[in-house]
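Contents: one structure, followed by commentary.
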Amino acid sequence: MTLNFTPAPLDDPLYYLRNFEWVLGWVRQRYGDLLPPAELAFIDQALALPEASRGLLVRMVMRKGDLFRPETLEYPELEPFSKASAPLQQLGWLVEDPQISLETLFRLFTWSSLKTVFINRLEAHGIPPTARKSEALDRLRGELEPEDLEPRLASSWGLAPQALVQLTVMPQCDRLRWLFFGNGYQGWSEFVLTELGLYQYEPVTFDERSRPVHKRTELETFWQLLECRQQWHEDESPEAVLEQLPPEPEEQPWLARHYHRLLFKMARHWERTGELERARDSYQRSSYPGARGRLLRVLERLGYHETAFELAQAAQQAPESEAERQQLERLLPRLKRTLTGERQRRTAPPEVPELHLILPQDPSVERAVAAYLSTPETPVYYAENTLLTGLFGLLMWDAIFEPLPGAFFHPFQRGPADLYWPDFVERRADRFDALMAQLTTGAYRQTILDNFERKAGRQSPFVAWGALDQEQLTQALECIPAKHLALCFQRFLQDLKANCAGLPDLIQFWPDERRYHLLEVKGPGDRLQDNQKRWLAFFRQHQMPVSVCYVRWSESADD
DNA sequence: ACCCTCCACGCAAGC
DNA sequence: CGTTGCTGAG
DNA sequence: GCTTGCGTGGAGCTCAGCAAC
Ligand SMILES: [Mn+2]
Ligand SMILES: [Mn+2]
């Protein structure tokens, strides 16, 4: 029944309402047993409203913020605002004359309308009508008494009580949206963009019980976490948010990940603002990948060199990733030097063949090099991560989109929910093994080309359709030995997140000789990044053809 | 695809 | 008056 | 002077209409 879902057609003037109601139905059907009574009541009350009121509600939900000037809420497909809004006001979902601050007042109303409303006050402060809006705001902010600057009734600023309305049920709608998408970032526009064909999603069969949360308490924690995240984005006060963080959801890995990621993000915020003790505490509590590495850096910055050194040594015994190992290789000698004064011999970086070019200045150094090296017989592509990860994604398509329990729970997923979990590959080991085996039988070529046609345009975490074309693909399959692909794909599988980045900018093909060459381009002032160094070392280790091309601009007399 | 990933830029420390 | 940036909309 | 490590910031359907300057 959930197969091949399509959003409401856009020629239906109420398409947005149809989509919203479809979500309400989906949520009630699949999560009804987990929903608190308040949310269930909200859904039922919403569905019982007159159509124009439902439409108006959804229009407001989809717009930015919760404050609206009624004259911006007249929609031709709905009743006039005055009529459509009445049932919403009856329920208290929409209220007139909300409390707003001076800043909000200035944000919502145009300068010319403020001038007519505010004329007396502006004159009293000696602000001429020719002043800029931002200047007027600054003046008022500085000159008004603090209690006058507190949020207060819109009418107390001199507005008519009907001049502004507030939607009060945004929190309920957010919670339903978060539950439907299983995350905090996807929104109602998914439906339109899908219907417009901008996004196409792989149709996946959903297990009826494939859900991100399974208990009432888990749902509550999930909502709390996303609320924290939202408050942080809105209030910019992570200190307050940290207080409201729910207890660590240890027993549920999906929630635990959300929890630790939020902690990590807050820590990173404090690290950037220089509140290093706070950063340290949060990094310490977080088990999100990279947290230990940042903690080490913060300890170092705080001057806790011994603590950092001990932790770094422990980390080196069991690095969580190659990236961390690489970071430790820099950090440990540095710490040792500060602690003991001993100077360490630096280990030489892997040898990578270099190419040095002097080219006329160009906005894109990669394109300049590609154009310079490319010939009709030996084309160069500016591929970066797109080609190799694309081949990987096309070959592994069926493994990636295998509908395991918990992997897919709504129709707008570009990949499985557990893609970056430690056990993602393990759970699909048979599938991945079978597809990897095609690289030894030779069947992989057909699989990749077939999927390139069959799945064309469908969202995938690994396939950037816009960057691939048939010819590039065919040449890649001709020129890159299956053994080399196998090595790269193994490395992707070891860390799907970190290892799908940092691949060289350019690839050149020699179809006649069935060979290829990878090239990382560096313009003036650009240096190899950590993940690029890791890939270069890997390519060299396996005798795969790669080099780095350093470019300088030729002196030009023009301009 | 959970703001990332790539890049350019800019700063400070160390040679 | 153009221009720049934001919002709403499909 | 240079190099090196490290951090920051911007861009991410596309079009029309409007507000602000
Ligand atoms: Mn690049
Ligand atoms: Mn490059």
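Being a predicted model, the structure only gives us computed values, none of them experimental. Every heavy atom of this structure was used, including side-chain atoms; hydrogens, water molecules and symmetry mates were not. Chain identifiers are assigned alphabetically (A, B, ...) following the order of the sequence lines, protein sequences preceding nucleic acid strands; residue numbering begins at 1 within each chain.
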Distance between the [atom1] atoms of [N] and [M], in whole angstroms?
N      : M      : atom1 : value
B:dA1  : B:dC6  : P     : 15 Å
C:dC1  : D:dC18 : C1'   : 15 Å
D:dA11 : C:dG5  : P     : 9 Å

So what does [X] hit on the nucleic acid, given a heavy-atom distance under 4.0 Å: a base, only sugar-phosphate, or nothing?
X        : answer
A:Leu10  : sugar-phosphate
A:Pro9   : nothing
A:Gln186 : nothing
A:Arg301 : nothing
A:Arg63  : sugar-phosphate
A:Phe412 : nothing

From B:dA1, D:dG5, C:dG10, pick the nucleotide closest to the side chain of A:Arg414?
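My answer, after comparing the listed nucleotides, is B:dA1.
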Between A:Phe191 and A:Phe412, is the ring centre distance below 6.0 Å?
yes
Against the six-membered ring of A:Phe20, is A:Arg54 placed for a cation-pi contact (under 6.0 Å from the centre, within 45° of the normal)?
no
When A:Leu88, A:Leu94, A:Leu67, A:Asp66 are each screened for side-chain contact (heavy atoms from CB on, under 4.5 Å) with A:Val165, the one that passes is A:Leu94
When you compare the side chains of [X] and [Y], does any donor N or O come within less than 3.5 Å of an acceptor on the partner?
X        : Y        : result
A:Lys522 : A:Gln532 : yes
A:Gln252 : A:Tyr259 : no
A:Thr72  : A:Arg63  : yes
A:Arg534 : A:Gln326 : yes
A:Trp254 : A:Glu218 : no

Nearest whole angstrom, please: distance from the [atom2] of [N] to the [atom1] of [X].
X        : N      : atom1 : atom2 : value
A:Lys64  : C:dT7  : NZ    : C1'   : 8 Å
A:Lys336 : B:dG14 : NZ    : P     : 19 Å
A:Leu198 : D:dG12 : CG    : P     : 15 Å
A:Arg297 : D:dG7  : CZ    : C1'   : 9 Å
A:Tyr201 : D:dC13 : OH    : P     : 12 Å
A:Gln326 : D:dC6  : CD    : C1'   : 14 Å
A:Asp11  : C:dG10 : CG    : P     : 12 Å
A:Arg272 : B:dG10 : CZ    : P     : 19 Å

Distances under 3.5 Å between protein N/O atoms and the N/O atoms of nucleotides 17-21 of chain D, please, pair by pair.
| from | atom 1 | to | atom 2 | distance (Å) |
| --- | --- | --- | --- | --- |
| D:dA20 | OP1 | A:Trp111 | N | 3.4 |
| D:dA20 | OP1 | A:Lys133 | NZ | 2.5 |
| D:dA20 | OP2 | A:Trp111 | N | 3.0 |
| D:dC21 | OP1 | A:Ser134 | N | 3.4 |
| D:dC21 | OP1 | A:Ser134 | OG | 3.3 |
| D:dC21 | OP2 | A:Lys133 | N | 3.1 |

Just name whichever nucleotide pairs with C:dC1, Watson-Crick or G-U, keeping both distances under 3.5 Å, else none.
none
Check this one for me: any side-chain N or O of [X] less than 4.0 Å away from OP1 or OP2 of [N]?
X        : N      : result
A:Arg59  : C:dG10 : yes
A:Arg334 : D:dT4  : no
A:Tyr16  : C:dA9  : no

Could you pull out all donor-acceptor pairs under 3.5 Å where a side-chain atom in residues 418-426 of chain A meets a protein atom, sequence neighbours excluded?
| from | atom 1 | to | atom 2 | distance (Å) |
| --- | --- | --- | --- | --- |
| A:Asp418 | OD1 | A:Arg428 | NH2 | 3.0 |
| A:Asp418 | OD2 | A:Arg427 | NH1 | 2.9 |
| A:Asp418 | OD2 | A:Arg428 | NH1 | 3.0 |
| A:Asp418 | OD2 | A:Arg428 | NH2 | 3.2 |

Does a side-chain N-to-carboxylate-O contact under 4.0 Å join A:Asp530 and A:Arg330?
yes
For nucleotides 3-8 of chain B, read 5' to 3', which letter fits each nucleotide if B means a protein heavy atom sits under 4.0 Å from the base, S means only the sugar-phosphate is that close, and - means neither?
SSSSBS
Does A:Arg552 have more than 12 heavy atoms from other residues, nucleotides or ligands lying within 6.0 Å of its CZ?
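Not more than 12 within 6.0 Å, no.
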